[in-house]
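First listed ligand is number 1; within each ligand, the first listed atom is number 1. Note that this is a predicted model, so its numbers are computed, not measured.
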Amino acid sequence: MSNSDSIGFFDSGVGGLTIWKEVVKLLPMENTIYLADSLNAPYGEKSPEEVLDLCFRSVDFLISKGAKLIVVACNTATTQAIGKMRSTYSIPFIGIEPAVKPAALKSKTKCIGVLATNGTIESDHFNRTKEHYSNDVKVVTQVGEGLVRAIEDGEIGTVQLRTILSKHLQVLMSEPIDYIVLGCTHYPLLIPMIRDIVGDSIQLIDPGPSIALQTQRMLNGHGISNSNLSMGRHHLFSSGNVDVLESIVKNTLKVKASNISYSSLYQSE
Ligand code: DGL
């Protein structure tokens, strides 16, 4: 392995790009490979066994492309499979789980909302975290049913998506919450819409910036940071619709750079 190898990312689709963007911003010299497994989204509706199998396939693909570290840019995959991935492969992994801790510690109303997929909310991993804080804060959960699918279908900004989102947020807002934890990496793509619906008095927790810092620490800790002084190259793959992937990067995340290439997973094999 060489330090100029890539940081690998995968998600059930385009959601993990919200993490990828923050990592690229913080570590612009690093090369990256991103796999959007959009063909199999949403993971939140699949059994833990199916999610595990899909995770192994994504990891094998990223390693075959030379990943030196993998960011599991998906809460559902992390909560259900990170332990098995860590014990199977020798490269380091970074996982993402709903950021209950910072919200719980900062909440003044002692009541926080978590919007996540069914797979995450039902997982033992998440329930242990929720239980840990349950003496101090009330954690109100809501499954963001329909949101991942709508984002994957390229529906950001549509009235239909806003209607679904608003219904989920009203459930959380019926309690005295002052924080909403975005417990699925697709949801930060909806921040302008969420802000519009919930107003300014509720804080949103987006895990991207803290995962980027954790990635930096882990690269340094393993001595595998890229010491090249040229800008990194980014290769983004989709097992589904590459146009949606490209549009999210350029139009939603507003990342426009010539060092990014886009491929269909199947054309590349
Ligand atoms: N972005 C994934 C997550 O963070 C979405 C999971 C899904 O496909 O349901 O959980």
Side-chain angles (χ1 to χ4, degrees), residues 8-23 34-59 62 70-82 85 93-100 103 113-127 129-130 141-156 161 164-165 168 180-191 194 204-212 214-215 236-241 244-245 248-249 252-253 265:
F9 297 78
F10 77 92
D11 178 39
S12 61
V14 294
L17 290 168
T18 59
I19 306 291
W20 169 84
K21 178 187 175 181
E22 296 297 333
V23 172
Y34 182 97
L35 172 58
D37 189 16
S38 298
L39 182 70
N40 294 302
Y43 281 7
E45 294 171 9
K46 293 189 156 41
S47 70
E49 293 73 28
E50 284 174 299
V51 172
L52 190 62
D53 185 50
L54 293 168
C55 288
F56 277 123
R57 283 205 250 161
S58 294
V59 171
L62 293 171
I70 289 179
V71 179
V72 182
C74 175
N75 294 261
T76 313
T78 299
T79 48
Q80 296 184 21
I82 191 108
M85 290 186 272
F93 282 84
I94 291 177
I96 294 173
E97 48 189 307
V100 172
V114 177
L115 186 64
T117 69
N118 188 50
T120 298
I121 288 178
E122 293 292 315
S123 69
D124 293 343
H125 204 89
F126 175 72
N127 280 295
T129 307
K130 187 177 156 191
T141 58
Q142 174 65 16
V143 173
E145 203 180 331
L147 296 177
V148 168
R149 209 179 279 281
I151 293 168
E152 290 295 325
D153 287 345
E155 288 179 13
I156 293 178
L161 178 48
I164 306 174
L165 181 61
H168 295 319
I180 294 178
V181 176
L182 301 176
C184 166
T185 53
H186 281 70
Y187 302 161
L189 295 168
L190 305 176
I191 284 178
I194 297 175
L204 304 178
I205 306 258
D206 167 8
S210 61
I211 296 295
Q214 200 185 334
T215 305
L236 313 188
F237 293 88
S238 174
S239 64
N241 189 333
V244 172
L245 178 76
I248 296 279
V249 173
T252 310
L253 295 174
L265 181 60

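- Expressed to the nearest 0.5 Å, how far OG1 of T252 lies from CD1 of I191 amounts to 12.0 Å.
- Checking only distances, T117 never comes within under 3.5 Å of ligand 1, N or O to N or O.
- One finds the CG atom of D53 at 11.0 Å from the NZ atom of K46 (value rounded to the nearest 0.5 Å).
- For ligand 1, the polar-atom distance check against D11 finds a nitrogen or oxygen pair separated by under 3.5 Å.
- Taking 4.5 Å as the limit, every side-chain heavy atom of L39 sits out of range of all side-chain heavy atoms of L265.
- Contact annotation for T185 and ligand 1: heavy atoms of both the backbone and the side chain come within less than 4.0 Å of the ligand.
- A 4.5 Å side-chain heavy-atom check between T76 and S12 finds every atom pair outside the cut-off.
- Below 3.5 Å of separation, one finds no N or O of T120 facing any N or O of ligand 1.
- Between G44 and ligand 1, at least one N/O pair is under 3.5 Å apart.
- Counting heavy atoms closer than 4.0 Å to ligand 1, residue P42 contributes atoms from both its backbone and its side chain.
- Using a 3.5 Å distance cut-off with no hydrogens or angles, the side chains of S38 and E152 do pair a donor with an acceptor.
- Contact atoms of ligand 1 toward Y43: 7 (C), 8 (O), 9 (O) (distance under 4.0 Å to a heavy atom of the residue).
- Using a 4.0 Å cut-off to heavy atoms of S12, the atoms of ligand 1 that qualify are 2 (C), 5 (C), 6 (C), 7 (C), 8 (O).
- With hydrogens left out, the protein atom closest to atom 10 (O) of ligand 1 is T76 OG1, 2.6 Å, a heavy atom.
- We find the CG-OG1 distance between L115 and T120 to be 10.5 Å, quoted to the nearest 0.5 Å.
- The main-chain N or O of Q80 is never found under 3.5 Å from a side-chain atom of S123 such that the two would form a donor-acceptor pair.
- Within the set L147, N75, N118, V51, the minimum heavy-atom distance to atom 3 (C) of ligand 1 is found for N75.
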